[in-house]
Amino acid sequence: MAYDYAPYPYVPPKGLTEAEPRHPVAIIGAGPIGLAMAIDLAQRGVKSVVMDDNNVVSVGSRAICWAKRTLEIFDRLGVGERMLEKGVTWKIGRQFHGHDEVYAFDLLPEDGHKYPAFINLQQYYVEEYLIDRARDFPDIIDLRFKNNVIAHEDKGDHVLLTVDTPDGEYTLEADWYIACDGAGSATRERMGLSFEGQTFQEQFLIADIEMEDSPFGDEAVPERWFWFDPPFHPGKSALLHMQPDNIYRIDLQLDVDADAKEEATEEKVLPRIKAIVGDKPFRLDWMSVYKFRCIKLDQFVHGRVIFVGDSAHVVSPFGARGGNGGIQDVDNLGWKLAAVLQGEADEGLIGTYHDERSHGSAENILNSSRATNFMTPKTPIEALFRSEALRLAHDQPFAQKLLNSGRLSVPCSLEGFDLQTPGTAQIAPGRPAVDAPLSGPDGDTWLIEEVQGQFTLVGFGDVTLPQIAGLKRIGINQRADYPCFTAKANHAMRRYGADIAYLFRPDGHVCAVFKKPSQAEVQNAMDRAMAQSSEDAA
Amino acid sequence: MTIYPDRLSPNQDDFYNQLMDAHDGLTEAESHALNARLVLIMANQIGDPGILKDLIDTARGYAHV
C-alpha cells in the first residue's frame with residue numbers, strides 16, 4: 001500500500017505578532033538530520049526551534065539503508081527500536097557479473113549486537129518516527145512547518161533570521177543557527193560558500209516497486225544484490241534492495257547522455273522493470289533520475305552558523321554514506337553544543353565538530369568516489385582493468401575483493417584527534433563503542449544503552465574506578481558500589497579485554513583507556529575531551 | 001590454473017585507485033606501454049622463475065574462458 005503523506009499542521013508563529021525571546025538554537029530543515037539534532041539537544045535539556053519550508057515528510061523512499069552505528073545513535077534518541085521493528089534487516093551483499101554470482105560479503109558475521117549491520121527503511125518512515133519522538137518534548141522542541149527561512153545574518157553572538165510563512169514574514173534571533181537544509185542548502189547559497197568537487201556524468205534511475213512476489217526469486221532472505229553487466233541491463237550496473245511493505249528498490253545505471261525527463265516516464269521505466277521481474281505483477285511507487293557529486297564544505301562551522309548533514313557534504317549513494325554520515329554529524333555535535341550552551345565548555349569545543357566530522361566526511365567521499373569510479377569506468381583502460389578484475393573474480397579471492405559496488409558505511413574512527421587521550425587498547429581511543437549483551441541489576445541490557453548519552457567510565461574485570469563529579473561509572477564482570485553488569489556469553493570481555501577501564505564520550509566514542517585509572521588521570525581525560533586545557537582544569 | 005591467496009586487502013582500493021590514477025591523461029597506446037612496463041617491473045620484484053611461469057600460465061588460462 002502506498003504511504004499516506006498526511007500534512008503536518010501549520011500554526012502561525014508567535015513572531016508574526018510580537019518579538020520572540022532569543023532562541024538558543026534554530027535548526028533549519030526538518031529532515032532526518034534536523035529532527036535528530038533537535039531530539040539530541042532536547043534530551044540534554046536544550047531548547048530549539050525547527051523550521052521547514054514544507055509540511056510533509058520526504059516524498060519518495062530516498063535514503064533507505066540505515067547502518068548499525070546509525071541505529072545505535074537512533075537508539076539513544078529513542079527511535080532505534082521502532083525503526084528496527086519496521087525495517088527490513090539485512091547483512092549479506094551479493095555481487096553478480098552477468099548471470100554468475102562472483103562474490104558475497106557478510107557485514108556482521110558475529111552475534112551479540114542489539115542492532116544488525118543494516119536495516120532498510122524508507123526515509124518517510126524515519127521522518128515520521130522522528131517527528132513523533134520530537135513531540136515527546138513539546139516544551140523544548142518548537143516544530144514549525146511552512147516556515148521558510150529566507151535570510152540570515154550572523155551578528156557575532158547570535159544570528160538574526162527572516163522567516164516567510166503563509167501569513168507573511170517575521171524575524172527571530174538564535175544563539176546558534178544549525179543548517180540542516182540538505183544538499184541544495186539555501187543557507188550555503190546565501191553565504192556564497194564554495195561547494196565544488198567531483199561531479200559524475202553518469203545518470204541513474206531509481207525506482208521503487210510494490211510487488212507480492214519477491215524479485216529476489218526463491219531467496220526469501222533480504223539481501224543487497226548488485227550486478228555488473230546484468231543480462232537484463234547489458235553493459236551497465238544494477239542494484240536491488242528490499243524495503244518494508246513489499247516495496248523493492250531498483251537502481252539502474254543509464255547512459256551518460258540519457259534524457260533524464262524522458263527516462264523518468266512510465267513508458268521508459270516499466271519495460272526496464274519487466275526485464276528484471278518478468279511477468280510478476282507490480283505497482284510503480286516512486287521513481288527518480290539522478291546524478292551526483294562528491295563534495296564537502298571546507299569549513300563546517302562559520303561563526304554562529306553550523307552545517308550538518310548534506311548541507312555540509314554530499315556523496316554518491318553507493319555505500320549508504322549520506323544519511324548515515326549525517327547522523328554521525330548530529331551525534332558528534334549534540335553534546336558539544338549542549339555543553340557550550342550550558343556553560344560547561346568553551347566555544348572552542350564547537351571547532352572540534354568540524355575537525356572530527358570533516359575527517360569522517362572525507363572518508364565517506366573517498367570511499368563513495370572510488371566505488372563510483374569502479375562502477376563507471378571513464379576510459380577504455382579503466383574499462384579493461386574492470387572487465388579483467390571481474391573475469392578473475394569468478395575464481396580469484398583477491399579479485400573478488402577488488403570488486404567495488406560500494407564500501408558500505410562503517411562507523412568513523414576519531415583516532416588521533418585532539419579530544420582523545422592517546423592510549424592502546426583493543427578498542428583504541430577514538431573508535432565508537434562496540435556493542436555487547438550485558439545482564440545487570442535491572443535485567444538484560446546492551447552495552448550501547450549503558451555508555452551513550454553522558455561521559456561514562458566502564459571497568460572491565462579487575463580494575464577499580466575512581467569517583468568523579470558528573471561522571472557515570474559502571475562495572476562489567478566486577479563487584480563495586482556503582483552499577484555492575486555481567487558480560488553475557490563473555491562478548492564484552494572478548495571485545496574490550498580484561499582489567500582495563502574505558503572512558504566513553506557522550507556520543508559513545510572511546511576517548512581514553514586506563515590500566516589503573518586515578519582520579520586525576522580520568523579528570524584530565526574528561527577535560528581534554530571537553531577541549532579544556534589542563535591549566536584551566538587545575 | 002592456480003588460485004592465489006588474497007594479499008591485497010585491506011588496501012585493495014588504495015592500490016586500484018593508484019593504478020587508475022597512473023593511467024590518467026595517457027592515450028590508450030601510452031597506457032598499454034605503462035602496463036607492459038609495470039608487468040616487467042613487478043616480474044623483477046617477484047624474481048622466482050617458477051612463480052613467474054605459474055602466474056603467466058594462470059593469466060593466460062583465462063584467455064580461453
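Proteins come first, then strands; the chains are lettered A, B, ... in the order of their sequence lines, and each starts at number 1.
Within the 4.5 Å cutoff, no side-chain heavy atoms of A:Thr379 are placed close to those of B:Met20. For the pair B:Glu28/A:Ile381, a side-chain contact is recorded, criterion being any heavy-atom separation below 4.5 Å from C-beta on.
Contacts between B:Asp13 and chain A at a heavy-atom distance below 4.5 Å involve backbone atoms as well as side-chain atoms. If you measure heavy-atom distances from B:Thr2 to chain A, the contacts under 4.5 Å come from the backbone alone. Neither the backbone nor the side chain of B:Leu26 has a heavy atom closer than 4.5 Å to any heavy atom of chain A. In this structure, chain B has a heavy atom under 4.5 Å from the side chain of A:Leu384, while its backbone stays farther away. Residue B:Asn11 does not touch chain A at all, counting heavy-atom pairs closer than 4.5 Å. Proximity to chain A (any heavy atom under 4.5 Å) is restricted, for B:Leu8, to the side chain, taken from C-beta onward. Heavy-atom distances place both the backbone and the side chain of A:Asp395 under 4.5 Å from chain B.
Between A:Phe374 and B:Tyr16, a ring centre-to-centre spacing shorter than 6.0 Å is recorded. Residues B:Tyr62 and A:His394 place their aromatic rings such that the two centres sit no closer than 6.0 Å.
Nearest heavy atom pair, residue A:Pro397 against residue B:Ile3, reads CD-CG2, 3.6 Å.
Interface with chain A: from residues 33-52 of chain B, residues B:Asn35 qualify, criterion being any non-hydrogen pair under 4.5 Å. Of all residues spanning residues 195-203 of chain A, none has a heavy atom less than 4.5 Å away from chain B's heavy atoms.
At least one donor-acceptor pair closer than 3.5 Å links the side chain of B:Gln12 to the backbone N or O of A:Lys401.
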